[in-house]
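One structure is given below, encoded as C-alpha cells.
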Amino acid sequence: MAEFKSSAIDCNVVEAVQTQAFDVVVIGGGPAGMAAALAAHKAGARVAIVEREQHLGGILRQCIHPGFGLSHFKQELTGPEYAQRFIDQVRATDIALFLDSMVIGIDSGEDTGASSVDEGAGTAAVHTVTLMNPSGMLQLTGRAVVLAMGCRERTRSEIKIPGSRPAGVFTAGLAQRYINIENLKPGSRAVILGSGDIGLIMARRCTLEGISVEGVYELMPYANGLRRNVKNCLDDFGIPLHLSTTVTRVIGHDRVEAVEVSQVDERLAPIPGTERIVPCDTLLLSVGLIPENELSVAAGVELDPRTRGAVVDQCLQTGVPGIFACGNVLHVHDLADNVTAESERAGAAAAAYALGTGAGAVPDCELSVSPAGIAGYALPGRITAVALTKLNFRVRRPVNAARVRILAGDEELLTGKVRPFKPSVMESFPLPPKVIQRALDLGASEIVLSVDPVEEE
C-alpha cells in the first residue's frame with residue numbers, strides 16, 4: 001500500500017488553485033454589484049463579478065411588483081424588468097462572470113513591483129478574493145474590491161418572540177420567494193409583524209393570491225414603510241394596520257394556530273391586560289434588514305454600529321485601502337434607484353483607485369462624521385477630501401418640522417430648511433467644499449450632522 005504523504009498532497013492542492021487577475025473584483029451580482037461593475041468597466045478597468053446564485057439580479061428577481069426605475073430609467077418597471085436591463089448591459093461587455101460561486105475570503109498583500117495586474121497603477125495592495133464553485137477553488141486578484149453583498153432579513157430568533165416553535169413562521173422575503181419564484185403557498189391565514197416595505201408589499205401579494213391577511217402589526221407608533229406602500233398595499237385592500245402593537249407569543253404545535261398580540265407603551269414594553277389572540281396559520285416577519293458583512297469583517301473592514309455597514313469616505317472606500325462598499329451592504333436603502341446611483345459612484349472610484357487615475361490618493365484631510373439629534377446615522381462616516389460631499393442619513397422617528405444643522409464643535413456651519421422627515425425615507429444633504437474647509441480651519445476633527453425638531457408656529 002502506498003504511503004500517505006499529507007505534506008505532498010497539501011502542496012499539490014495549493015498549486016492547483018487557479019488565479020485570474022483583474023483590476024476590480026465586485027462581490028455580489030445584484031443591482032449594486034452590476035451598477036458598480038458597469039461603472040468600473042466604463043472607466044476602463046478589467047472587471048469581474050462574483051455571485052453566489054446561479055443568476056444575476058439578486059433580490060430583484062423575486063420583486064415582481066412595480067415601482068422600480070422611476071428615477072434611473074424615468075419609467076415604472078417591476079423588479080425583474082429593472083434587473084434585466086442591467087443584466088443585458090453586463091452581458092454586452094467583457095465583464096467576467098463567476099456565477100454559482102461563494103466567496104470564502106478576501107486577503108490583502110503588498111504588490112512589490114511587477115504583477116499580473118496593470119503595472120501602470122503603481123505600488124498598492126493587491127487583494128485576493130478566494131471563491132468556491134462546482135468546479136473547485138479559484139482565486140481572483142485585483143487592486144480594488146467592491147463589496148456589494150446586499151442584506152438579509154432579521155429572523156424570529158433575533159427579535160426573540162416567545163412561544164412554541166411550530167411551522168408557519170417565515171420572513172416576509174422568504175414568503176415572497178415561495179410565492180413569486182417557487183409557486184408555493186406559505187399558508188392560508190396570515191398575520192404580518194412589521195410595517196417595513198416588504199411586509200406591506202407581501203400583505204397585498206398574499207391577498208391577491210387568496211391568502212387572508214388578518215392585519216399588519218407594528219411595534220412603533222408609526223409605519224416604517226413608504227407612504228405609497230401603506231396606501232397601495234394596505235388601504236386599497238382594506239388590510240388593517242395596528243400601530244404600537246407587537247406579537248408577544250406564537251401558539252401552535254406542529255403548525256402555527258394563532259398568535260398573541262399586545263399593545264406596547266412608550267418604552268415599547270407590552271402593556272399587561274392588552275393581550276388578545278389572533279387565529280392564523282402563518283406569521284410573516286418584516287422586522288428589519290441587516291447588511292451582509294461577514295466577509296467585510298474578515299477582511300479587516302471597520303463597521304459602523306448604527307448602520308452595521310462599513311465606515312466609508314466620500315468615495316465609498318472603507319478603511320482598508322482599495323476595498324469599497326455600496327448598496328444595502330453599506331446601509332439599507334429605500335429605493336433600488338438609489339442603490340444604483342450610489343453603486344455607480346463606488347464602481348467609478350474603485351476603477352480610479354485600481355488604475356491610479358485619482359481616487360484613493362493621499363487624503364486632503366481626515367474628518368469623522370457623526371449623527372446627532374434625531375438622525376439615526378450619517379454616511380459617509382469619514383471625509384478625506386475638500387470636495388462637494390453628499391451626506392446620507394435617516395431619522396429615528398417622524399417629525400412634521402425639523403432642520404438639518406452641520407456643526408463643528410460649538411460652531412454652526414450650515415443650516416437647512418425646516419421640513420418634515422420620515423424614517424422610511426433615506427435623506428441626503430449636500431456639504432459644500434467651503435463648509436469642510438471651514439471645519440478644518442477651526443481645527444475640528446469631526447463634523448456633526450444634527451436633525452433637530454423645531455416648534456411649529
Side-chain angles (χ1 to χ4, degrees), residues 220-222 266-268 291 301-321 324-326 330-334 338 342 345-346 349 359-457:
M220 304 304 290
Y222 52 83
E266 62 275 5
R267 298 185 306 277
L268 306 181
V301 172
E302 178 190 0
L303 300 189
D304 183 330
R306 302 176 187 91
T307 61
R308 298 177 74 167
V311 176
V312 296
D313 63 15
Q314 63 267 57
C315 292
L316 302 171
Q317 183 173 210
T318 70
V320 180
F324 298 75
C326 58
L330 179 58
H331 59 136
V332 176
H333 289 62
D334 49 356
N338 291 336
E342 178 179 274
R345 288 173 48 219
V362 177
D364 296 337
C365 60
E366 184 64 52
L367 287 168
S368 63
V369 182
S370 301
I374 63 169
Y377 70 86
L379 190 142
R382 298 165 49 234
I383 294 176
T384 56
V386 182
L388 178 63
T389 299
K390 182 174 73 171
L391 296 179
N392 289 119
F393 65 94
R394 283 184 191 266
V395 293
R396 289 182 280 107
R397 61 179 176 86
V399 289
N400 292 325
R403 62 161 54 95
V404 176
R405 299 166 64 228
I406 303 297
L407 310 169
D410 295 328
E411 182 160 337
E412 183 177 279
L413 305 180
L414 189 62
T415 305
K417 295 180 179 179
V418 175
R419 63 182 187 85
F421 292 89
K422 296 180 180 179
S424 58
V425 179
M426 189 180 78
E427 305 280 358
S428 65
F429 191 82
L431 199 61
K434 64 180 181 181
V435 175
I436 299 173
Q437 188 59 57
R438 176 59 180 160
L440 294 171
D441 293 342
L442 291 170
S445 60
E446 177 187 56
I447 283 179
V448 175
L449 180 147
S450 184
V451 182
D452 301 312
V454 299
E455 293 292 335
E456 294 184 88
E457 297 180 358

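Note that the coordinates shown come from a computational prediction; the quantities given were computed from them, not determined experimentally. The analysis underlying the following values was restricted to heavy atoms, covering all of them including side chains, and did not include hydrogens, waters or symmetry mates.
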Between [X] and [Y], what is the shortest heavy-atom contact and its length?
| X | Y | value |
| --- | --- | --- |
| Lys390 | Pro380 | O-CD, 3.6 Å |
| Cys315 | Ala349 | O-CB, 3.4 Å |
| Pro291 | Thr307 | CG-O, 3.5 Å |
| Val312 | Ala325 | CG1-CB, 4.4 Å |
| Ala402 | Pro453 | CB-CA, 3.7 Å |
| Ala378 | Val369 | CB-CG1, 3.8 Å |

* Asked: Quick one: which of Val448, Val435, Ile436 gives a side-chain contact (heavy atoms from CB on, under 4.5 Å) with Leu413?
  ->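 With Leu413 as partner, Val448, Val435, Ile436 yield a single side-chain contact (heavy atoms from CB on, under 4.5 Å), made by Val435.
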* Just one of Thr389, Val386, Leu440, Thr384 clears the side-chain contact (heavy atoms from CB on, under 4.5 Å) bar with Leu367, so which one? -> Leu440
Point-to-point distance, once rounded to the nearest 0.5 Å, from [atom1] of [X] to [atom2] of [Y]:
| X | Y | atom1 | atom2 | answer |
| --- | --- | --- | --- | --- |
| Leu414 | Phe429 | CG | CZ | 4.0 Å |
| Leu379 | Leu449 | CG | CG | 11.0 Å |
| Phe324 | Asp313 | CZ | CG | 7.5 Å |
| Leu330 | Glu342 | CG | CD | 5.0 Å |

Under 4.5 Å between any side-chain heavy atoms of [X] and [Y], yes or no?
| X | Y | answer |
| --- | --- | --- |
| Pro398 | Met220 | no |
| Pro423 | Tyr222 | yes |
| Leu391 | Val404 | no |
| Leu431 | Ile447 | yes |

* Asked: How are the rings of Tyr377 and His331 set relative to one another: parallel (under 30°), tilted (30 to 60°) or perpendicular (over 60°)?
  -> perpendicular
Counting only N and O atoms by type, is there a donor-acceptor contact under 3.5 Å from the side chain of [X] to the main-chain atoms of [Y]?
| X | Y | value |
| --- | --- | --- |
| Arg396 | Gly373 | yes |
| Arg394 | Val332 | yes |
| Thr318 | Val320 | yes |

* Asked: Counting heavy atoms not belonging to Arg308, are there more than 12 under 6.0 Å from its CZ?
  -> no
* To do: If a pair satisfies side chain to side chain donor-acceptor pair (under 3.5 Å) and one of its residues is in residues 420-436, list it, with sequence neighbours excluded.
  =>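 Of all non-adjacent pairs touching residues 420-436, those that pass side chain to side chain donor-acceptor pair (under 3.5 Å) are Arg419-Glu427.
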* To do: Report the residues that fulfil salt bridge (charged side-chain N to carboxylate O under 4.0 Å, His left out) with Glu446, sequence neighbours left out, ordered by chain and then residue number.
  => none
